[in-house]
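Everything on this sheet refers to the single structure shown next.
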Protein chains: 2
Amino acid sequence: MNTTDTIDNGFCPNFHSAAELIGRRWTGAILRALFSGESRFNDIKATIPDLTPRMLSERLKELEAEGIVTRRVIPEPLGTEYCLTPKGQALRPVLDAISTWAYDWIVPDEAASEPRQVEAVS
Amino acid sequence: MNTTDTIDNGFCPNFHSAAELIGRRWTGAILRALFSGESRFNDIKATIPDLTPRMLSERLKELEAEGIVTRRVIPEPLGTEYCLTPKGQALRPVLDAISTWAYDWIVPDEAASEPRQVEAVS
DNA sequence: CGGGATCCGAAAGGATACTG
DNA sequence: CAGTATCCTTTCGGATCCCG
C-alpha cells in the first residue's frame with residue numbers, strides 16, 4: 001500500500017530502519033562528506049570536527065555492509081577510496097531535504113551548542 | 001560559501017544536528033506517526049511496535065524542546081494531543097524522501113521480516 | 001489515560017596508543 | 001595513510017512501579 005505515495009500508515013519497518021541507518025551518529029555527516037567529493041579516509045575525517053578514526057571506520061563499515069559505499073584500495077598514491085554506490089547516490093534527495101530543512105529551521109548558533117534561549121515568553 | 005542546499009562543502013553543523021535529531025532512535029517513526037494523523041500518546045505508541053512509554057515520552061519531550069511538536073492537554077476525553085508545529089510540518093519532505101529511498105532500496109527481508117516482493121521481474 | 005521515577009544491564013561512543 | 005585495540009565513561013533503553 002504505501003509505495004511512493006505519502007505518509008498514511010502508522011509504521012513501516014523499512015522506513016524505520018532507513019531512518020535509523022542514516023541517523024546513526026556521524027553517518028549523516030559522513031555521507032555528506034562523500035557527496036561533497038571526499039573519498040579518502042583522512043579527508044573525510046578532516047572535514048568532520050570531532051570524528052575519531054574509530055567512529056569513522058565503524059560507520060564506513062556499516063555503510064559498506066549496507067551497500068551504500070564501496071571501499072577500494074588504491075596502490076599508487078597509496079590510500080583507500082570510498083565511493084557511493086547507486087544505493088548511496090540515491091540518498092541524495094534525503095540529504096538535500098535535510099539540508100534544506102536545517103537551513104530553514106535551525107538557527108545557526110543553536111546548532112553547535114544548545115543555549116536554547118527563547119525570548120522570555122512568560 | 002553556498003548555504004542554500006546543495007552539498008558541496010564538507011561539513012555543516014546545522015545539517016549535522018538536524019540529521020542526528022531526526023535519526024535518534026524512534027524519532028523517525030514517531031514523526032511518521034504524527035504525520036499519519038496520530039496525536040494521542042497511546043495512539044502513537046500503539047503504531048510503533050517495540051516503543052515503550054518511556055522512550056516515547058522522552059523523544060516527544062525532545063521534539064517539543066526543539067519546537068517540532070506541541071503538547072496540549074485535552075480535558076474532555078482526557079488525554080494529550082501532540083501536534084506538529086510549522087517547523088515539524090516542514091520535515092515532511094525529509095520523511096518522504098526517506099520513505100521513497102527505503103521503498104526503493106531496502107529489501108523487505110533485510111528490514112524486518114515482512115514478505116513483500118519489490119518487483120516480480122519477468 | 002499519560003506519563004514520571006528509579007534501577008540496572010547493554011551498548012555506544014570518546015580518548016589514547018599502537019601497527020601494517 | 002588507514003586503520004585497530006583497549007579502556008573506560010556515558011548514554012540508551014527495557015522493566016517495573018507509581019502517581020495525577
Side-chain angles (χ1 to χ4, degrees), chain A residues 10-11 13 16-17 19-34 36-66 68-84 112-114, chain B residues 10-11 13 16-17 19-31 33-34 37-66 68-84 112:
Chain A
F11 182 74
H16 192 226
S17 61
E20 306 209 335
L21 164 69
I22 302 166
R24 240 180 182 67
R25 191 145 203 209
W26 303 116
T27 303
I30 293 169
L31 249 16
R32 197 152 198 278
L34 252 14
S36 79
E38 306 301 338
S39 57
R40 319 292 280 246
F41 190 88
N42 281 311
D43 286 347
I44 297 171
K45 182 175 162 336
T47 61
I48 307 173
D50 297 310
L51 179 59
T52 60
R54 192 170 104 78
M55 281 299 96
L56 179 54
S57 176
E58 197 174 310
R59 291 291 102 100
L60 245 16
K61 267 189 234 172
E62 289 175 4
L63 292 174
E64 198 188 349
E66 295 283 342
I68 290 173
V69 304
T70 50
R71 192 184 103 114
R72 182 175 52 147
V73 176
I74 299 172
E76 235 344 276
L78 186 53
T80 320
E81 191 180 53
Y82 290 91
C83 292
L84 291 161
S113 50
E114 54 164 0
Chain B
F11 183 75
H16 192 227
S17 62
E20 306 209 335
L21 164 69
I22 302 165
R24 240 182 185 68
R25 190 144 203 212
W26 302 117
T27 302
I30 292 169
L31 249 17
L34 251 16
E38 306 301 339
S39 56
R40 319 291 280 246
F41 190 88
N42 281 311
D43 287 347
I44 298 172
K45 181 176 162 339
T47 62
I48 307 172
D50 297 310
L51 179 59
T52 60
R54 192 169 103 77
M55 282 299 97
L56 178 55
S57 175
E58 197 173 309
R59 290 291 105 99
L60 245 17
K61 264 190 240 172
E62 288 174 4
L63 292 174
E64 198 188 349
E66 294 284 342
I68 290 174
V69 304
T70 50
R71 191 183 103 115
R72 183 175 50 148
V73 176
I74 299 174
E76 236 343 276
L78 187 52
T80 319
E81 191 180 53
Y82 290 91
C83 292
L84 291 160

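Quick caveat: nothing in here was measured; it's all calculated off a predicted structure. To find a chain, count down the sequence lines: A is the first, B the second, and so on, and within it residues start at 1.
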| query | What's the CD-P distance between E64(B) and dG2(C), to the nearest Å? | reply | 15 Å

| Which nucleotide in the list dG3(C), dC1(C), dA2(D) gets nearest to the side chain of N42(B)? | dC1(C)

| field | Spacing between K45(A) atom NZ and dC1(D) atom C1', to the nearest angstrom | value | 12 Å

| request: Have a look at the helix from dC1(C)-dG20(D) to dG20(C)-dC1(D) and give the angle its two end axes make, five pairs each, rounded to 10 degrees. | output: 60°

| query | Which atom names give the shortest non-hydrogen contact between G28(A) and A19(B), and what distance separates them? | reply | CA-CB, 4.4 Å

| said: For a quick test of reading the model, state the closest non-hydrogen atom pair linking V73(B) to R71(B) and the distance between them. | reply: CG2-NH2, 3.7 Å

| Distance, rounded to the nearest Å, where E20(B) contributes CD and dA12(C) contributes P | 15 Å

| task | Mind calculating the distance between CZ (R72(B)) and C1' (dC1(C)) to the nearest angstrom? | result | 16 Å

| field | Contact pattern, 5' to 3', of nucleotides 7-20 of chain D - B, S or - by protein heavy atom under 4.0 Å | value | ------BBB-----

| query | Within the structure, does a side-chain N or O atom of Y82(B) lie under 4.0 Å from either OP1 or OP2 of dG3(C)? | reply | yes

| field | side chain to side chain contact (heavy atoms under 4.5 Å, CB included) evaluation trace for L51(A) with I30(A) | value | CA-CA 9 Å; L51(A) 179 59; I30(A) 293 169; 4.2 Å; yes

| task | Before giving the answer on side chain to side chain contact (heavy atoms under 4.5 Å, CB included), spell out for L63(A) and L31(A) the whole-Å C-alpha distance, their side-chain angles and the decisive distance to 0.1 Å. | result | CA-CA 9 Å; L63(A) 292 174; L31(A) 249 16; 3.8 Å; yes

| task | To the nearest Å, give me how far apart CZ (R71(A)) and C1' (dA2(D)) are. | result | 8 Å

| task | Taking only the side-chain nitrogens and oxygens of K61(A), find out if one of them lies under 4.0 Å from OP1 or OP2 of dA2(D). | result | no

| message | So, OP1 or OP2 of dG3(C): does either fall under 4.0 Å of a side-chain N or O from T80(B)? | response | yes

| message | Would you compute the distance between atom CG of D50(A) and atom CE of M55(A) and round it to the nearest 0.5 angstrom? | response | 13.0 Å

| request: Take the protein atom CD1 of I48(A) and the nucleotide atom C1' of dG13(C), then report the distance between them rounded to whole Å. | output: 15 Å

| query | F41(A) CZ to dA2(D) C1': how many Å, rounded? | reply | 6 Å

| said: What is the distance, to the nearest angstrom, from the CG atom on L56(A) to the C1' atom on dG3(D)? | reply: 9 Å

| request: Please step through side chain to side chain contact (heavy atoms under 4.5 Å, CB included) for the pair L21(A) and I68(A), ending with a clear verdict. | output: CA-CA 11 Å; L21(A) 164 69; I68(A) 290 173; 3.5 Å; yes

| message | Ignoring hydrogens, what is the shortest heavy-atom contact between F11(B) and A29(A)? Give both atom names and the distance. | response | CE1-CB, 4.0 Å

| task | For R40(B) and G79(B), work out which heavy atoms get closest and say how close. | result | NH2-CA, 3.7 Å

| field | Donor-acceptor contact present, side-chain R59(B) to main-chain R25(B), <3.5 Å | value | yes

| Can you check whether S57(A) has a side-chain N or O nearer than 4.0 Å to OP1 or OP2 of dT4(D)? | yes

